[in-house]
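Data block below; observations after.
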Amino acid sequence: MDRKTILDVLQQRENDKLDIAAQQLATLNAERHQASRQHQQLQHYHLDYQQLLHHESAGGIYRYRRDNYLAFLHTVDHALDAQAQTLATLDQQQQQCLDEWQSSRKKVQALQVLLNRREQRIQRHQARAQQKANDEFAQRRFQGTDQ
């Protein structure tokens, strides 16, 4: 029974889709992790420079140095906003990919149930055919010994 049925083909296609979705999800997870680390680094830079500005301001600071600190902090703020947007986009893509993966997984499971039922029907049919053959053989043998 090496002949592929439509169910077999459909299951293979869904398995392929499931594999692709899983790979995409893994890639997105890695990208999300990297973006999160970058966001944390930016937060750390921002905090460090705020503390440096506060520390230097306490002892007196030239205006150009203060302006440089403030300009850098402003740049870091923009980078934090951009990174937060990137994280939001990745979160959305992750959710979409997870939904696709779950959908493919459900389809694969449903197709597997159908394939299992088909296999059970085939086995029942074969068992009935075998039983019928055994019954006919036994009947012929019984009739042969009776005569």
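Just so it is clear, the structure is predicted and the values come from calculations on it, not from any experiment.
In this structure, Arg140 CZ and Asp135 CG are separated by 11.0 Å, a value rounded to the nearest 0.5 Å. Once rounded to the nearest 0.5 Å, the distance linking CZ of Arg124 with CZ of Arg121 reads 7.5 Å. To the nearest 0.5 angstrom, Asn29 atom CG is 10.0 Å from Leu90 atom CG. Here Arg105 contributes atom CZ and Glu14 contributes atom CD; the two are 13.5 Å apart, rounded to the nearest 0.5 Å. Rounding to the nearest 0.5 angstrom, the gap separating the NZ atom in Lys17 from the CZ atom in Arg13 is 8.5 Å. In this structure, Cys97 SG and Leu28 CG are separated by 5.5 Å, a value rounded to the nearest 0.5 Å.
Checking side-chain atoms of Ser103 against main-chain N and O of Asp99 turns up no donor-acceptor pair under 3.5 Å.
Legend: residues meeting side-chain contact (heavy atoms from CB on, under 4.5 Å) with Asp91, ordered by chain and number and at least two apart, are Arg32, Gln94. Taking Gln112 as the reference, Gln11, Asn116 meet the side-chain hydrogen bond (donor to acceptor under 3.5 Å, both in side chains) condition, with sequence neighbours excluded.
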task: Take Tyr69 and Ile61, measure what side chain to side chain contact (heavy atoms under 4.5 Å, CB included) needs, and give me the verdict at the end.
output: CA-CA 11 Å; Tyr69 275 113; Ile61 187 173; 3.9 Å; yes
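For the pair Ser36/Gln40, a side-chain contact is recorded, criterion being any heavy-atom separation below 4.5 Å from C-beta on.
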Do any side-chain atoms of residues 42-53 form donor-acceptor pairs under 3.5 angstrom with protein atoms, and if so which ones, sequence neighbours left out?
residue, atom, partner, partner atom, Å
His44, NE2, Asp48, OD2, 3.0
His46, NE2, Asp77, OD1, 2.7

